[in-house]
Amino acid sequence: MSREAEEQLIERLHEPKTQQAAFAELVKEYSEPLYWQIRKIVLSHDDTDDVLQNTFIKVWTSIENFRGDSKLSTWLYRIAVNEAITFLNKQRSLNNVSIDDADTFLLGKLEGDEYFDGDEAQLKLQKAILLLPEKQRIVFNMKYFDEMKYEDMSDILETSVGALKASYHHAVKKIEEFLTTEN
């Protein structure tokens with residue numbers, strides 16, 4: 001979405017007469033990219049749908065607070081990532097899973113997900129990614145799969161570009177290590 005189109009959408013979102021139609025357009029425009037961003041964090045299709053719904057509810061209830069200090073897409077991604085992390089933390093708490101066991105918890109979700117259609121190599125890569133600390137996992141997914149610029153990631157994750165580059169570098173090293181020792 002162009003900057004101009006985004007600004008017009010924001011204006012319509014703030015106008016009571018056009019707000020619902022503008023929100024419908026926002027949902028149509030961003031549902032798929034947000035779905036895949038969330039899916040990379042929570043892994044399960046059903047959980048992703050729930051988190052996506054929560055994301056749009058949060059957007060709807062707080063749209064009047066959006067002032068345009070960042071791009072609309074950046075704000076949406078930030079909400080989606082935070083909702084996904086909150087969801088995972090609740091799931092871990094409900095299942096009495098410590099943060100150290102999170103990779104095993106998520107791996108079980110991945111292997112049991114009927115919607116996962118990856119081959120053995122893809123499953124191996126996903127296992128390697130799940131061994132990363134949560135922040136590194138999110139940074140790796142954004143950079144490797146989404147080819148997102150560090151500047152955009154910095155806005156979404158509210159972290160410096162330097163720290164993100166370091167996180168990505170460490171993530172790549174850990175994944176390479178895992179994949180070479182697994183073979």
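Quick caveat: nothing in here was measured; it's all calculated off a predicted structure.
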Exercise. Before giving the answer on side-chain contact (heavy atoms from CB on, under 4.5 Å), spell out for Val59 and Trp75 the whole-Å C-alpha distance, their side-chain angles and the decisive distance to 0.1 Å.
Key: CA-CA 9 Å; Val59 168; Trp75 184 67; 3.8 Å; yes

Quiz item: How far apart are the C-alpha atoms of Asp146 and Trp36, what are their side-chain angles, what is the distance that settles it, and do they pass the side-chain contact (heavy atoms from CB on, under 4.5 Å) test?
Solution: CA-CA 9 Å; Asp146 299 336; Trp36 288 110; 5.8 Å; no

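A salt bridge does not link Lys173 with Glu177: none of the charged nitrogens is closer than 4.0 Å to a carboxylate oxygen.
Nearest heavy atom pair, residue Glu134 against residue Leu88, reads OE2-CD1, 3.8 Å. Nearest heavy atoms, Phe23 versus Leu13: N-CD2, 3.5 Å. Closest approach of Arg78 and Ile156 over heavy atoms only: CG-O, 3.2 Å. Shortest non-hydrogen contact noted between Tyr168 and Tyr150 is CD2-OH, 3.4 Å. Pairing each heavy atom of Val81 with each of Met142, the nearest pair is CG2-CE, 3.8 Å. Residues Ile175 and Leu132 come closest through the heavy atom pair CD1-CD1, 3.8 Å.
For the pair His14 (side chain) and Phe66 (backbone), a donor-acceptor distance under 3.5 Å is present. A distance-only check finds a donor-acceptor pair linking the side chain of Ser154 to the backbone of Thr159 [under 3.5 Å]. Of the possible donor and acceptor atoms, none in the side chain of Ser62 sits under 3.5 Å from a partner among the backbone N and O of Asn65. Using modelled atom types, one side-chain atom of Glu6 and one backbone atom of Leu72 make a donor-acceptor pair closer than 3.5 Å.
Within the 4.5 Å cutoff, the side chain of Pro133 has heavy atoms near those of the Lys174 side chain. His45 places a side-chain heavy atom less than 4.5 Å from the side chain of Tyr35. Taking the side chain as every heavy atom from C-beta outward, Asp50 and Val42 never approach each other to under 4.5 Å.
Atom OH of Tyr144 sits in a sparse spot, with 12 or fewer heavy atoms from other residues, nucleotides or ligands closer than 6.0 Å. For CD of Gln20, the number of neighbouring non-hydrogen atoms (other residues, nucleotides, ligands) closer than 6.0 Å is 12 at most. No more than 12 heavy atoms of other residues, nucleotides or ligands sit less than 6.0 Å from atom CD of Gln53. Few gaps surround CD on Glu64; more than 12 heavy atoms of other groups in view lie less than 6.0 Å from it. Annotation: Lys135, atom NZ; neighbour count of heavy atoms from other residues, nucleotides and ligands within 6.0 Å is above 12. Surrounding NZ of Lys71 are at most 12 heavy atoms belonging to other residues, nucleotides or ligands under 6.0 Å away.
Under the 4.5 Å side-chain heavy-atom criterion for ILVMFWY residues, no single connected hydrophobic cluster contains both Ile79 and Ile57. Phe145 and Ile138 fall within the same hydrophobic cluster, defined by Ile, Leu, Val, Met, Phe, Trp and Tyr side-chain heavy atoms under 4.5 Å apart, directly or through other members.
The line from CE of Met148 to CG of Leu157 is 8.5 Å long, rounded to the nearest 0.5 Å. Distance check, rounded to the nearest 0.5 Å: CZ of Arg137 to CD1 of Ile41 gives 8.5 Å. To the nearest 0.5 angstrom, Leu9 atom CG is 8.5 Å from Glu29 atom CD. For the atom pair CZ (Phe87) and CG (Leu52), the distance works out to 12.5 Å, reported to the nearest 0.5 Å. Between Gln19 atom CD and Trp60 atom CH2 the span is 4.0 Å, to the nearest 0.5 Å. Distance CG/Leu164 to CD/Gln136: 11.0 Å, rounded to 0.5 Å.
Scored by the side chain to side chain donor-acceptor pair (under 3.5 Å) test, Lys165 finds no partners at all (sequence neighbours excluded).
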